[in-house]
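Bear in mind the structure is a predicted one, so any value in this text is a computation, not a measurement.
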Amino acid sequence: KQVEALLRQQAQLLEQVREAVFTTDPDHLVTSWNRGAQQLFGYSPDEILGSPVFQLFPEPPGEDIPATLDRLLEGETEAVLEIRLLRQSGMVFFGQISLSPLRDDGGAVQGVVFSIRDITESKEAEQALRSQFDQVSTIFDALDALVYVADLETHDLLYINQSGEALMGRNWPGRKCYEVLQKDMA
């Protein structure tokens, strides 16, 4: 009776988790599916249970996913991937997947546990920042003057434009701005 109560409690806890959490068997078929997975992917448990997990990845899933799942089934302890995933609607999104082996009471691997977070917003923000940096770098590199960016607290150099590198060399990464600039002013 205590074991049944504990199992009910754990099942209830799993349903309350906002992240998508589900399991697959050694044949990569979905064997459990929580509410977070249903909300993230759009499939009800009746629609997904028994289906290949690979339908959650854009075609083709690539070598990383099957190889990683096979390593987990062979005993690797965990893996974390940031990859593109596919909703039932056909919309592609970025997810961070934490994977670990699903073990029975004896410790034998019975499948894989997936825990997935949607990181689309952070990936898009990262891409926008990278694009802005590329635009600013292009402008700075066109200038015939030294332009640098340094961390205000640590004074570590973060960027030097092409004119600055022509003047001071390319050995600036990891150095303090005052070290590099003093050399040039001496």
Side-chain angles (χ1 to χ4, degrees), residues 1-137 151 158 173:
K1 216 168 193 166
Q2 286 178 329
V3 171
E4 289 176 10
L6 181 61
L7 287 174
R8 277 194 306 278
Q9 184 182 18
Q10 289 176 343
Q12 186 180 18
L13 180 67
L14 188 59
E15 280 302 307
Q16 299 305 315
V17 174
R18 287 188 173 181
E19 288 185 357
V21 179
F22 60 93
T23 57
T24 58
D25 65 14
D27 294 322
H28 310 303
L29 301 178
V30 178
T31 56
S32 70
W33 191 253
N34 79 337
R35 186 176 300 149
Q38 185 172 346
Q39 290 171 345
L40 184 61
F41 287 97
Y43 292 100
S44 71
D46 290 340
E47 294 172 307
I48 197 74
L49 293 177
S51 299
V53 72
F54 301 116
Q55 77 183 54
L56 302 176
F57 302 94
E59 292 291 332
E63 296 296 320
D64 290 353
I65 301 305
T68 300
L69 294 178
D70 288 342
R71 285 194 309 272
L72 288 162
L73 289 170
E74 292 167 6
E76 190 170 300
T77 57
E78 66 179 319
V80 178
L81 304 169
E82 289 187 1
I83 60 169
R84 294 176 34 205
L85 295 160
L86 183 65
R87 298 186 202 283
Q88 185 182 30
S89 67
M91 187 176 121
V92 175
F93 68 99
F94 284 97
Q96 180 183 52
I97 304 179
S98 297
L99 301 161
S100 57
L102 176 65
R103 298 181 185 278
D104 65 15
D105 292 338
V109 177
Q110 298 296 305
V112 176
V113 178
F114 288 71
S115 176
I116 302 175
R117 289 185 316 118
D118 184 342
I119 60 168
T120 303
E121 285 184 23
S122 64
K123 282 290 193 186
E124 288 172 350
E126 181 182 306
Q127 180 59 39
L129 282 173
R130 189 175 301 121
S131 177
Q132 288 176 349
F133 177 79
D134 290 345
Q135 290 173 357
V136 169
S137 294
D151 185 292
L158 304 173

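- R130 and Q127 form a side-chain donor-acceptor contact under 3.5 Å, judged by distance and modelled atom types alone.
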Q) Should Q96 and V80 be marked as a side chain to side chain contact (heavy atoms under 4.5 Å, CB included) after you check the CA-CA gap, both sets of side-chain angles, and the distance that decides it? A) CA-CA 7 Å; Q96 180 183 52; V80 178; 3.9 Å; yes
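- Between the side chain of S51 and the backbone N or O of I48 there is at least one donor-acceptor pair closer than 3.5 Å.
- With rounding to the nearest 0.5 angstrom, the CD atom of Q88 is 4.5 Å from the CD atom of E47.
- Between the side chains of T120 and D118, a donor-acceptor pair is found at a separation under 3.5 Å.
- Ring-centre distance between F93 and F41: below the 6.0 Å cut-off.
- In this structure, L72 and V109 approach most closely via the heavy-atom pair O-CG1, 3.9 Å.
- Residues P101 and V113 form no side-chain contact, since every pair of their non-hydrogen atoms from C-beta on lies 4.5 Å or further apart.
- Judged by distance alone, the side chains of S100 and E78 never bring a donor and an acceptor atom under 3.5 Å apart.
- No more than 12 heavy-atom neighbours from other residues, nucleotides or ligands sit within 6.0 angstrom of CZ on R84.
- Closest non-hydrogen pair, G95 versus L85, comes out as CA-CD1, 3.8 Å.
- In this structure, the side chains of L86 and F54 stay at 4.5 Å or more apart for every pair of heavy atoms.
- Judged purely by atom type and a 3.5 angstrom limit, S115 has no side-chain atom pairing as donor or acceptor with the backbone of S98.
- The shortest distance between side-chain heavy atoms of E82 and F94 does not fall below 4.5 Å.
- A donor-acceptor contact shorter than 3.5 Å is absent between the side chain of N34 and the backbone of A20.
- The side chain to side chain contact (heavy atoms under 4.5 Å, CB included) with D25 is formed by just one residue from the set T31, V30, V53; it is T31.
- Remark: side-chain polar atoms of R87 are paired, donor with acceptor, to backbone N or O of L40 under 3.5 angstrom.
- Nearest heavy atoms, A37 versus F22: CB-CD2, 4.2 Å.
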